[in-house]
Amino acid sequence: MIKVQQEDFDVAAELQALSGGNHKIGGVTVFVGLVRDMADNENISAMTLEHYPGMTEKQLEKIEQEARNRWPLENSLIIHRYGRLAPGEQIVMVATASPHRDAAFDSCRFLIDWLKTKAPFWKLEETPDGGKWVDARASDDAAAERWRKLS
Amino acid sequence: MIKVQQEDFDVAAELQALSGGNHKIGGVTVFVGLVRDMADNENISAMTLEHYPGMTEKQLEKIEQEARNRWPLENSLIIHRYGRLAPGEQIVMVATASPHRDAAFDSCRFLIDWLKTKAPFWKLEETPDGGKWVDARASDDAAAERWRKLS
Amino acid sequence: MKLLYFAWLKTKTGCAQETLARPDGVDNVQALLTWQQGRGAGFADGFADLTALRVAVNQEYADPSHPVGDDDEVAFFPPVTGG
Amino acid sequence: MKLLYFAWLKTKTGCAQETLARPDGVDNVQALLTWQQGRGAGFADGFADLTALRVAVNQEYADPSHPVGDDDEVAFFPPVTGG
């Protein structure tokens, strides 16, 4: 399931919806990304996430489908917020549920790695010097590239 | 933090305690293990987790300390239950919080991999043929061995 | 065709979204990028370094050789930084 | 010394925990394992395949050469299956 939303999300409720009542599930891996108050040695007072409505959902659905093709998943979830967020706020949640923990771990990491290089979101950080668009990181490309070799 | 307990745990409350108010944290990875109703093609009606009180806590503390030595973690948590559990119930929760998602993912997986081969717990499954002690799996040893090479 | 701009490209061009007739001879992404570079100061600046830009046609990532037609939605943006 | 047994080893030996004087000449884990094999049917069965067992001395994993003393807590159990 894909959710692109401005409002916050409740990790416990989402996990309950993901795995509740399905007794084939042996492991659930979850990643939650949070807004930090510091990046590249600069203080961040807030961050605004811009996105491309329509394309975002399309890309996230493709990424999720790819994970479902690669791993034996009972369920999966991607939630990504947009709009203005303060330090400590939740940005993104990725969760995968599988009979086996290796599949749950690998697929969860795959989803967040690919999302970071494919889903059309852009971060504008509010710093003491004003707003700064975050640069894409080569390490994120490398992380996504890891998974390309598997296909 | 280590918790060895009979009672269930609340993932949301534990995550709040793990990361709440710490704005250096950029990513939290969580693994939750659940009781399955099927293992090796046999129906499981319930499972009893036996443990070695004292040694369990000691081993989990060593494992957690090793993770804190290897990765830049802001916080970490291992909760493991013992006693009789029904399918769908939570067995174990491992969570790590770090400024960086790679550290959060690697350390979380390290903790669950090592826990599975080091922490003195034993599963007794209730099957239609009676109680069966679960055999240790070579794949779990291999998973833990992966991490040994790093040290 | 409908053109969209995101993040600092929106700031530099001063444009979030526009609808216009497909320029003469512009039939793929590369031609459209070249055309953008000649539209004036803001666009010239935003499209100066094409390696810093990504293009999507109808919400799918597209290479320079990808065709563009009259009814297409074409988006221009820097590499994504979500997650 | 205090001896503990877990999982199917507890079932086979019929013993969860016992306190006894250290047997003569038993000064390491290997000697204690050999001594266990000679204690009668349940113990002989439980300790028949030593590769299927793990030993902890004072709650730390111990090799066969690890010394055991009068005040030690020694635990015997199959490979762990938690998580």
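What you are looking at is a predicted structure, and each value in this text was computed from that prediction instead of being measured.
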List the atom of [X], the atom of [Y], and the distance in Å for their closest heavy-atom pair.
X: B/Glu57; Y: B/Gly54; value: OE1-N, 2.8 Å
X: B/Gln5; Y: B/Glu7; value: NE2-O, 3.1 Å
X: A/Cys108; Y: B/Phe105; value: SG-CZ, 3.8 Å

Check: Based on non-hydrogen pairs under 4.5 Å, which of A/Ala39, A/Pro99, A/Ser139, A/Ala104 is most in contact with chain B?
Finding: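 Heavy-atom pair counts peak at A/Pro99.
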**Asked** For the candidates A/Ile44, A/Val94, A/Ile25, which exhibits the highest count of non-hydrogen atom pairs separated by less than 4.5 Å from chain B?
**Response**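 Greatest number of close heavy-atom pairs with chain B: A/Ile25.
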task = Taking heavy atoms only and a threshold strictly under 4.5 Å, list by residue number the residues of residues 75-91 of chain B that touch chain A; give 'none' if the list is empty.
result =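 Result: B/Pro87, B/Gly88.
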Can you name the residues of [range] that have some heavy atom under 4.5 Å away from a heavy atom in chain B?
range: residues 110-132 of chain A; result: A/Ile112, A/Asp113, A/Lys116
range: residues 26-36 of chain A; result: A/Gly26, A/Gly27, A/Val28, A/Thr29, A/Val30, A/Phe31, A/Val32, A/Gly33, A/Leu34, A/Val35, A/Arg36
range: residues 12-19 of chain A; result: A/Ala12, A/Leu15, A/Ser19

- Can you tell which part of B/Ala143 gets under 4.5 Å to a heavy atom of chain A, answering side chain, backbone, both or neither?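 Just the side chain, heavy atoms under 4.5 Å.
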Side-chain contact, heavy-atom cut-off 4.5 Å: B/Glu66 with B/Trp147?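 Side-chain contact under 4.5 Å: no.
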(Q) Please check this pair: side chain of B/Gln59 against backbone of B/Thr56, looking for a donor-acceptor N/O pair closer than 3.5 Å. (A)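 Checking the backbone N and O of B/Thr56 against the side chain of B/Gln59, no donor-acceptor pair under 3.5 Å is found.
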Atom pair [atom1] ([X]) and [atom2] ([Y]), whose distance is rounded to the nearest 0.5 Å:
X: B/Asp37; Y: B/Met47; atom1: CG; atom2: CE; result: 11.0 Å
X: A/Met1; Y: A/Leu60; atom1: CE; atom2: CG; result: 13.5 Å
X: A/Glu74; Y: A/Arg68; atom1: CD; atom2: CZ; result: 8.0 Å
X: A/Met93; Y: A/Asp8; atom1: CE; atom2: CG; result: 11.0 Å
X: A/Lys62; Y: A/Met55; atom1: NZ; atom2: CE; result: 8.0 Å

Report task. With a 4.5 Å cut-off on heavy-atom pairs, point out which of B/Asp102, B/Val11, B/Val92 contacts chain A the most. Result ->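 The residue among B/Asp102, B/Val11, B/Val92 with the greatest pair count is B/Asp102.
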Using side-chain contact (heavy atoms from CB on, under 4.5 Å), reason through A/Arg101 and B/Asp140 one step at a time and then give a plain yes or no. CA-CA 10 Å; A/Arg101 81 176 184 286; B/Asp140 284 336; 3.0 Å; yes
**Prompt:** Can a salt bridge be assigned to the pair A/Arg109 and B/Asp106 using a cut-off of 4.0 Å between side-chain N and carboxylate O?
**Reply:**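 Looking at A/Arg109 and B/Asp106, the cut-off is met.
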Problem set entry | B/Glu61 with B/Lys58: basic N within carboxylate O range, under 4.0 Å |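 No.
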Heavy-atom distances under 4.5 Å only: say whether A/Ala97 touches chain B with side chain, backbone, both or neither.
->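 When you check distances to chain B, no heavy atom of A/Ala97 falls under 4.5 Å.
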